[in-house]
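Below: one structure, written as structure tokens.
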2 protein chains.
Amino acid sequence: MKRIIEEYKAKGFRLTPQRIAVIEYLEGNTTHPTAEDIFIAIKKKHPTVSFATVYNTIQALKDVSGVTEVTIDPARKRYDPNTKVHHHIVCVKCGRIGDVMAEYANELALPKNVLKEFTVIGSHVDFYGVCRGCEN
Amino acid sequence: MKRIIEEYKAKGFRLTPQRIAVIEYLEGNTTHPTAEDIFIAIKKKHPTVSFATVYNTIQALKDVSGVTEVTIDPARKRYDPNTKVHHHIVCVKCGRIGDVMAEYANELALPKNVLKEFTVIGSHVDFYGVCRGCEN
DNA sequence: TTGGCTGCAAAATATTTGCAGAACA
DNA sequence: TGTTCTGCAAATATTTTGCAGCCAA
């Protein structure tokens with residue numbers, strides 16, 4: 001996440017204590033937190049922090065590719081600081097999201113009619129399953 | 001969509017004019033409409049229809065596997081009456097969502113650590129691209 | 001110093017829910 | 001006829017925005 005701080009500076013973003021707290025919270029975080037999760041975590045160090053700041057910071061991080069939005073949860077947006085190519089698996093019982101470190105681009109051949117209509121940029125796989133903890 | 005009507009009856013759901021209108025609107029629909037899209041469409045025939053009825057009907061359809069929720073759009077839920085195995089591609093410029101009629105389950109080998117943590121049920125691929133209409 | 005950021009509050013958007021009356025089966 | 005659905009309205013949840021004052025650079 002050090003890289004992110006450098007990119008922040010390079011782009012002229014300000015490194016406020018709140019932003020640093022968000023970056024530190026996300027560093028290495030594999031829980032795919034929601035904006036609220038981030039808000040609650042940051043609040044411990046900065047009790048007056050607001051959602052506006054959390055969303056503002058998330059947006060700034062997205063702008064420098066410091067986080068990506070995870071859309072596997074239809075209820076709310078989740079954020080992932082892991083910028084390596086990877087995919088996700090969600091437990092359909094508890095909603096926990098796991099990372100799937102794999103690269104499938106070459107395996108995913110598209111039908112001709114799609115290739116005719118779109119220039120493909122990328123892809124992401126959502127896996128659905130049941131985690132050990134929920135498998136009673 | 002005939003099947004849906006049968007399953008509706010079998011489960012004791014009522015076939016109201018509003019529900020039939022939703023089913024007819026969705027039948028063969030490949031536009032991946034939002035709840036609002038459905039609401040607006042149904043309103044033409046049933047001007048007094050409410051969002052409650054639309055969401056109620058969507059839920060009932062989900063219960064009999066008549067529609068699936070599409071999560072590729074982070075802004076809102078979209079619905080898809082196509083119950084055959086397929087995937088989606090979204091134009092990153094206009095947001096239009098296309099169907100990718102393909103089956104990848106066998107191509108998507110999961111890392112051991114994931115298989116250790118989850119029993120996999122299924123998967124869905126989100127493709128990102130630019131559609132011909134948005135190119136240049 | 002100063003332009004960007006924070007925090008508060010309000011707004012906007014999306015979805016869900018309670019309930020009285022309507023209507024399907 | 002009785003149970004479920006509809007429609008209205010209000011509630012809830014999530015995310016965005018306006019703006020005055022603050023602060024990192």
Side-chain angles (χ1 to χ4, degrees), chain A residues 4-25 32-64 66-79 95, chain B residues 4-25 32-64 66-79 95:
Chain A
I4 298 307
I5 291 182
E6 291 311 312
E7 292 203 29
Y8 244 48
K9 286 184 182 171
K11 291 218 177 182
F13 289 126
R14 289 197 184 165
L15 284 169
T16 64
Q18 295 87 342
R19 288 183 167 198
I20 290 169
V22 172
I23 292 170
E24 286 176 349
Y25 172 70
H32 310 89
T34 63
E36 188 184 13
D37 293 334
I38 297 170
F39 174 71
I40 290 170
I42 296 336
K43 213 163 188 171
K44 289 175 189 162
K45 279 195 173 179
H46 303 276
T48 64
V49 78
S50 67
F51 262 101
T53 296
V54 169
Y55 279 109
N56 172 345
T57 302
I58 289 168
Q59 186 56 57
L61 285 169
K62 284 201 282 188
D63 290 343
V64 298
V67 294
T68 54
E69 226 167 74
V70 177
T71 63
I72 203 171
D73 179 353
R76 52 234 287 231
K77 293 178 186 169
R78 292 176 170 276
Y79 301 95
Chain B
I4 298 308
I5 291 181
E6 292 311 311
E7 293 204 27
Y8 243 51
K9 287 184 183 170
K11 291 217 177 183
F13 288 126
R14 289 197 183 163
L15 282 171
T16 65
Q18 295 86 343
R19 287 183 170 196
I20 291 169
V22 172
I23 291 171
E24 285 176 349
Y25 172 70
H32 310 89
T34 63
E36 189 184 12
D37 293 334
I38 297 170
F39 173 70
I40 289 169
I42 297 334
K43 212 164 188 172
K44 288 174 190 162
K45 279 196 174 179
H46 302 276
T48 63
V49 77
S50 68
F51 262 100
T53 296
V54 170
Y55 279 110
N56 173 345
T57 302
I58 289 169
Q59 186 56 56
L61 285 169
K62 284 202 281 187
D63 290 343
V64 297
V67 294
T68 53
E69 226 167 74
V70 177
T71 62
I72 202 170
D73 179 353
R76 52 234 289 231
K77 294 177 186 169
R78 292 174 170 277
Y79 301 94

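Residues E36(A) and R76(A) share a closest heavy-atom pair of OE1-NH2, 2.8 Å. When all heavy atoms of G66(B) and I4(B) are compared, the closest pair comes out as CA-CD1, 3.4 Å. In terms of heavy-atom proximity, Y79(A) sits nearest to I58(A) at CE2-CG2, 3.3 Å. Nearest heavy-atom pair, F39(B) versus V49(B), reported as atom, atom and distance to 0.1 Å: CE1-O, 3.3 Å. Across all their heavy atoms, V54(A) and A35(A) have their closest contact at CG1-O, 3.8 Å. Shortest non-hydrogen contact noted between P74(A) and E69(B) is CB-OE1, 3.1 Å.
For the pair E6(B) CD and dA25(C) P, the interatomic distance rounds to 12 Å; values are reported in whole Å. Straight-line distance from the NZ atom of K11(A) to the C1' atom of dC5(C): 18 Å, rounded to whole Å. Between Y55(A) atom OH and dC5(C) atom C1' the separation is 18 Å, expressed in whole Å. Atom pair F13(B):CZ and dA25(C):P shows a separation of 13 Å (rounding to whole Å applied). For I20(B) and dC24(C), the CD1 to P distance is 9 Å, given to the nearest whole Å. Rounded to an integer number of Å, the gap from CZ of R76(B) to C1' of dT16(C) is 16 Å. Atom CG in D63(A) sits roughly 15 Å away from atom C1' in dC5(C) (whole-Å rounding). When rounded to the nearest whole Å, the span between CG of N56(A) and C1' of dG7(C) equals 11 Å.
A rotation axis mapping the C1' atoms of four pairs onto the next four is fitted at both ends of the helix from dT1(C)-dA25(D) to dA25(C)-dT1(D) over five pairs, and the angle between these axes is 40° to 10 degrees.
The residue K9(B) sits apart from the nucleic acid: no heavy atom pair falls under 4.0 Å.
We find the CD-CG distance between E6(A) and L15(A) to be 9.0 Å, quoted to the nearest 0.5 Å. Considering NZ of K44(A) and OH of Y25(A), their distance stands at 8.0 Å, rounded to 0.5 Å.
The aromatic rings of Y8(B) and F13(B) sit tilted, their planes meeting at an angle between 30° and 60°.
When DNA chain D is scanned 5' to 3' for any atom under 4.0 Å from a heavy atom of chain B, the first and last hits are dG2(D) to dC8(D).
Checking P17(B) against E36(B), the closest nucleotide of DNA chain C that is more toward the 5' end is the one next to E36(B). The residue among F51(B) and R19(B) whose nearest nucleotide of DNA chain D is located toward the 5' end is R19(B).
Of the possible polar contacts, none joining the R78(A) side chain to the V70(A) backbone as a donor-acceptor pair under 3.5 Å is found.
Residue T53(A) places at least one side-chain N or O under 4.0 Å from the OP1 or OP2 atom of dG7(C).
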Between the protein and nucleotides 1-3 of chain C, which nitrogen or oxygen pairs come in under 3.5 angstrom?
unit_1 : atom_1 : unit_2 : atom_2 : d
dG3(C) : N2     : R14(A) : NH1    : 2.2
dG3(C) : N2     : R14(A) : NH2    : 2.5
dG3(C) : N3     : R14(A) : NH2    : 2.7

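When the shell of 6.0 Å around NZ of K62(A) is examined, it contains more than 12 heavy atoms from other residues, nucleotides or ligands.
Counting only N and O atoms by type, the side chains of T53(B) and N56(B) include no donor and acceptor under 3.5 Å apart.
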